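Quick note on labels: first sequence line is chain A, next is B, and so on, each numbered from 1. Computation of the quantities below employed the complete heavy-atom set of this structure, encompassing side-chain atoms and omitting hydrogens, waters and symmetry-equivalent molecules. Small disclaimer: the values here were computed from a predicted structure and weren't measured.
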Amino acid sequence: MSDRKYDPQEIEPRWQQLWEDEATWVVANQVPGEPSDQQNSYVLEMLPYPSGEPHIGHLKVYSVGDAVAHFQRRNGKRVLHPMGYDAFGLPAENHAIKTGQPPRLSTEAAIAEFQRQFRRWGISIDWSRELATCEPDYYRWTQWIFNQLLKAGLAYRQQAHVNWCPNDQTVLANEQVIDGCCERCGAEVELRELEQWFLKITDYADRLLEDLDSVDWPENVKTMQRNWIGRSEGAEVVFTCDELGSEYPVFTTRPDTLFGATFFVLAPEHPDLQRLAAGTGNEQAVDDYVKEALARGSELRGAAEREKTGVALGRTVTNPVNGEQIPVFVADYVLMEYGTGAIMAVPAHDERDYAFAKAFELPIRRVIEGNDADGDDEGLPYGGDGPLVNSAPQFDGTPNREAVGAIVAWLESEGKGRSSVNYRLRDWLISRQRYWGCPIPVVRCPQCGIVPVPDDQLPVVLPVIEDYAPKGQSPLAAASEWVNTQCPTCGGPAQRETDTMDTFVDSSWYFLRYCDAANDEAAWDPAVLREWMPVNQYIGGVEHAILHLLYARFFCKALADLGHLDASEPFARLFTQGMITRDGAKMSKSHGNVVSPKAIVDRYGADTARAYILFIGAPDQDVDWSDEGVEGVHRFLSRLWRLSAELADQGETVDGDKAANLMLIRKANWAIDKVTADIDRRFAFNTAIAAVMELTNEVSRLRDEAGSEAKRFALESASSLCFPFAPHVTTDAYQLLTGERLWEQPWPVADPAMLESDSYELVCQVNGKLRDRVEVPSDADREQLEQAALAAPNVQAHLAGREPKKVIVVPGKLVNIVVG
RNA sequence: GCGGAUGUGGCGGAAUUGGUAGACGCGCACGGUUCAGGUCCGUGUGGAGGCAACUCUGUGGAGGUUCGAGUCCUCUCAUCCGCACCA
């Protein structure tokens, strides 16, 4: 080995500087209408939330994305690979409350640190399109989109029971409540009745569901979205209270069990409770129960296996199929936010209703015959299928599945119900009583009501304030100079909306802005979007499987419907990367197992850090970090560079041994073939890197036998193939070897002739067990293979003179000899 | 409870269509070169037996299909994730 030493701290900044100076990764938008011979490819990683400094997960997602971007570029694509910051949000504001440092300052400091480190990592970003969602020239268009949605009736204000986080002093979207607690701070969420802004994502429920079939996404993410949307088919059936003359529709997926309904239950939040209980003598008991239930909080209330509680209202309603009067209860196992907040209870065929009926000694009537039971109450509640019983003469005997349609048809003809579809998905609550977010661009005018700020007066700039502490209303309310304004319609005194938007609004359209980031006339030019959208490859964490990805899809569809873009799905292909753990646990300060990307990059260089992260396992799986493992990858890159430098330094050309040369050239072609397939088809960066390691090891092994040309070809190929994972060292090695710029070279293509060889090792099995291996010519026919296997010494030994009963020949692989 | 995933050496992980289990890397052992080494190079490394050629055994567990199963089927155990009183 030569004494040349691999020095990433010298190599990496040198190439980064050149790429920066030449703006190598900047890609211009095409002039509309001008044909291009290059295909476009939009490669995008989820934008980071800038807080403190990047962590190891950032290094992973951008290493994966950069590998894809480089691979696409060298395969001739025009690649859009931008970067930005999801810069509004609670952490910066909470930091401000604690320290007094304005959110803008801490955010800008974090962004500066992210920029520094991203550059130090050598990620091939088109920095000309950089954006931060907290900048007025970005959120101006967030506000414009809000106006568009408002105009289209997709944004509305409504009084509603909403999730309130007592700690953050703000409302939360349904999606931000985990097990009854605030997603951010973990405080138990309370229900409050408040007037809030909503976006009508439920209008898109069906399309959000159907279009999942059209995208190339991981199945688990699609499933999560399907579950979240929660479409169920059933019927709406109207029960009536004849005494009051009121109607109570219920949603049921089991109209076939209607004849088994023996009571009726309303949710504690149901608006008609007071009215129903009035005059029955049960008012007080109902009132007490409702108060208690509402105070209990959703966490306790939602606990499974809880004893059923409830109170009778002292009223009955009429079952539309048989005219029966059934008693009405209020019980907290019925949820106001699902269906109509009222249910028909069929204790014989529903576990929850059964438990309630048992607790309150209510009648239980079987209406579906079970396979096992013979009409008695054994095996109840029964959730299976069977013929109907006790269901008026006309339905008895009908298999219950068929009865669903028949009963719904009958209800429809009688005007007492209809088939119906229900969703779990709720409208998206977007207003937040917090400071550090995008102001909702509306004004309240005593004369004109809620008035949107006209597009030409946007942005409504977030004012600088002193006190960020939450007080149950937005801190903005105290900024009286800002709040008091003129009505855009009548010019009279008016007040600004002081709520800000959920930060998920900001990140629901940033990928559109990248395409036309410098446009200050419009959010984007639709013609430019046509070039780039949809994103060809989106990469990010699975933790965004529901929230961000659902909201972004909704925005895309709504904006497409409004004529602002063509694509109705934002992300054609999605890749979700796994977490990096250490000692089997998620990295966290409390565990004391955090690996800082900065420390690793400082010590080993960016190439080692990036390649190691991709090497330790399949990028979509969780993988465990090991400090010792990094050394191995560093050794490999070091060896690749030193072998290249050594060869470049070598003055004279050596012919070398012919067989060694051929072996090396074959190995290089094998690697080209394997790495290409691994990256392109499987995202299997770990095995791709392993293949380059093998090739490099082969050069090292044949160092003294192989000639200069063969070694040059092998090392060139190794650098070329490893470039997407470790761009600096490979670029440097490639230049030493060839004088060329690696990133400008087309992706290598394997020579098919070199993928074949004259002979191979034939596996010889006896009764399926490996007994010998023999070298056979590649063109040997089945008969020859059989003979070769039979002749193998250890096969002979195991046959021990017995006659083969059967011989399986798999050309190119093996021969299996079966004896009795 | 429903849905999804994972389970392979001391460790991280390979095995693409059912066809040589353990690629590649770490670690470890031995040897060499340096000997200022946190250097570099070589050999070996699933377990058991054997000087060796080899033999037996082995992919969470139990069955099955097959000439042949880590891979397919049935049951089962463990861990992780998502949803959950959703009518």
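Within the 6.0 Å centre-distance limit, the rings of A/Phe683 and A/Phe685 are counted as a close aromatic pair.
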Please tabulate the protein-to-nucleotide N/O contacts below 3.5 Å involving nucleotides 65-68 of chain B, giving atom names and distances.
residue, atom, partner, partner atom, Å
B/C67, O2', A/Asn816, ND2, 3.3
B/C67, O2, A/Asn816, ND2, 2.6

Provide a list of protein-nucleic acid N or O atom pairs under 3.5 angstrom, restricted to nucleotides 51-58 of chain B.
residue, atom, partner, partner atom, Å
B/U55, OP1, A/Arg771, NH1, 3.0
B/U55, OP1, A/Asn794, ND2, 3.3
B/U55, OP1, A/His798, NE2, 2.5
B/C56, OP1, A/Arg771, NH2, 3.3
B/C56, OP2, A/Arg771, NH1, 3.0
B/U57, OP2, A/Lys769, NZ, 3.4

Could you run down the sub-3.5 Å N/O contacts of the protein with nucleotides 6-14 of chain B?
residue, atom, partner, partner atom, Å
B/G12, O2', A/Ile616, O, 3.1
B/G13, OP1, A/Asp622, O, 3.4
B/A14, OP1, A/Asn686, ND2, 3.2

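Closest to the side chain of A/Asn697, from the set B/G25, B/A87, B/C85, is B/G25. Nearest nucleotide to the A/Lys308 side chain, out of B/C85, B/U20, B/G27: B/C85. Nearest to the side-chain atoms of A/Glu761 among the listed nucleotides B/G3, B/U20, B/A87 stands B/U20.
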- Message: Could you write out RNA chain B as dot-bracket? Rules: Watson-Crick or G-U wobble, both distances under 3.5 Å, brackets [ ] for crossings, | for pairs with another strand, dot for unpaired.
- Response: (((((((..(((......[....)))((((((.......))))))((((....))))..(((((..]....))))))))))))....
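Between B/A62 and B/C77, the two P atoms lie 15 Å apart (nearest whole Å). The same atom, C1', is picked in B/G58 and in B/U8; the two are 10 Å apart, to the nearest Å. Comparing B/A53 with B/A69, their P atoms sit 26 Å apart, to the nearest whole Å. Here, B/G19 and B/G25 have their C1' atoms 27 Å apart, quoted to the whole Å.
Checked for salt-bridge contact, A/Arg226 and A/Glu219 meet the test: a charged N lies under 4.0 Å from a carboxylate O. Of the charged side-chain nitrogens involved, none lies within less than 4.0 Å of a carboxylate oxygen, so that A/Asp620 and A/Arg682 do not count as a salt-bridged pair.
In this structure, A/Asn220 places its CG atom 13 Å from C1' of B/C80, rounding to the nearest Å. The distance between atom CZ of A/Arg701 and atom C1' of B/C24, rounded to the nearest whole Å, is 12 Å. At whole-Å resolution of the value, CG in A/Asp673 and P in B/A23 are 21 Å apart.
Checking the phosphate oxygens (OP1, OP2) of B/A84, a side-chain nitrogen or oxygen of A/Arg424 falls inside 4.0 Å.
Below 30°, between 30° and 60°, or above 60°: for A/Trp641 and A/Tyr6 the angle between ring planes is between 30° and 60°, a tilted geometry.
A/Glu783 and A/Gln787 share a donor-acceptor pair across their side chains, judged by distance under 3.5 Å alone.
The side-chain tip of A/Arg553 does not point at the ring of A/Trp228 from less than 6.0 angstrom away and within 45° of straight on. Remark: A/Lys308 is positioned above the aromatic ring of A/Tyr333, its terminal NZ or CZ atom under 6.0 angstrom from the ring centre and at most 45 degrees off the axis.
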Could you go through residues 691-698 of chain A and list every donor-acceptor pair under 3.5 Å that involves a side-chain atom there, pairing it with any protein atom two or more places apart or in another chain?
residue, atom, partner, partner atom, Å
A/Glu694, OE1, A/Lys667, NZ, 3.0
A/Thr696, OG1, A/Val692, O, 2.8
A/Asn697, OD1, A/Arg639, NH1, 3.0
A/Asn697, ND2, A/Met693, O, 3.4
A/Glu698, OE1, A/Arg701, NH1, 2.8

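Legend: salt bridge (charged side-chain N to carboxylate O under 4.0 Å, His left out) pairs involving residues 249-268 of chain A, not counting sequence neighbours, sorted by first then second residue: A/Arg254-A/Asp256.
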